[in-house]
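Every chain is numbered from 1 and lettered A, B, ... according to where its sequence line falls, protein lines coming before strand lines.
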Amino acid sequence: QKEVEQNSGPLSVPEGAIASLNCTYSDRGSQSFFWYRQYSGKSPELIMFIYSNGDKEDGRFTAQLNKASQYVSLLIRDSQPSDSATYLCAVNNMRDDKIIFGKGTRLHILP
Amino acid sequence: EAGVVQSPRYKIIEKKQPVAFWCNPISGHNTLYWYLQNLGQGPELLIRYENEEAVDDSQLPKDRFSAERLKGVDSTLKIQPAELGDSAVYLCASSSDRGFTGELFFGEGSRLTVL
């Protein structure tokens, strides 16, 4: 079992709709969780991080964490064509302070 | 403030040739990472430095890969000899703490093509 799993997509969402991206992780010792956005040919950039169970909102983005289910998600409201990118889920644990990335989900916002 | 700077951006070499990548992290960032990213995959950690000490190099193929971070600032990643399977993007990142809570700042990457 891979440590961080994501559906590779592509996930196609109409403009203005909510995009929902999901990620599961295998290490129950994981403490912090990140969502990075990566445009084609560019490097990843952090858009959200979350440490506690529940929801965390930042503008159009909401990160959700459920440690019992080992599940983290990212919701993008009012999706825009500029949101079309690959979204990488990353997980860090305290034991070895290693940040593990999933393979990413390609999101395509349809105009 | 300048971001993470990497060079070269692109490199094309023939197999068995050596290649080196250079990274200058954000000023004051004591943690430096080298990641490898294949097409359609997420970044995979090769090595992590805390200042000049390599604290995690478990995923670095030491038979052909080497890295150094002299004086705890700039870093160089070397491959010798390169193989066809080494074609990928090599990403350098830095952070201001041990990475547990901190954001990783990535450079633009060095795209390697081995022919």
Minimal non-hydrogen separation, B:G42 against A:L88, with atom names: CA-CD2, 4.0 Å
Over all atoms of both residues, closest heavy-atom pair of B:L104 and A:Y36: N-OH, 3.0 Å
Is it true that, when you exclude [X] itself, more than 12 heavy atoms of the residues, nucleotides or ligands shown sit nearer than 6.0 Å to its [atom1]?
| X | atom1 | result |
| --- | --- | --- |
| B:L115 | CG | yes |
| B:K78 | NZ | no |
| B:K62 | NZ | yes |
| B:K11 | NZ | no |

Check against side chain to side chain contact (heavy atoms under 4.5 Å, CB included), A:K98 and B:R48: CA-CA 9 Å; A:K98 183 173 291 188; B:R48 174 167 64 93; 5.9 Å; no
Hydrophobic cluster membership, A:V13 vs A:F61, 4.5 Å side-chain cutoff: yes
B:I79 reachable from B:I47 in the ILVMFWY side-chain graph, under 4.5 Å edges: yes
Which atoms of A:Q6 approach chain B - backbone, side chain, both or neither, heavy atom under 4.5 Å: neither
Separation between CG of B:L91 and CD of A:Q38, rounded to the nearest 0.5 Å: 7.0 Å
CZ-CD distance between A:F49 and B:E103, expressed to the nearest 0.5 angstrom: 8.5 Å
Most contacts with chain B, counted as non-hydrogen pairs under 4.5 angstrom, among A:G102, A:P44, A:A90: A:P44
Interchain contact, B:F105 with chain A, by part (heavy-atom threshold 4.5 Å): neither
Contacting moiety of B:Q37, where chain A heavy atoms sit under 4.5 Å: side chain
B:Y33 side chain vs A:I99 backbone, donor-acceptor pair below 3.5 Å: no
A:S43/B:Q6 under side chain to side chain contact (heavy atoms under 4.5 Å, CB included): CA gap, chis, key distance, verdict: CA-CA 11 Å; A:S43 56; B:Q6 291 187 245; over 6 Å; no
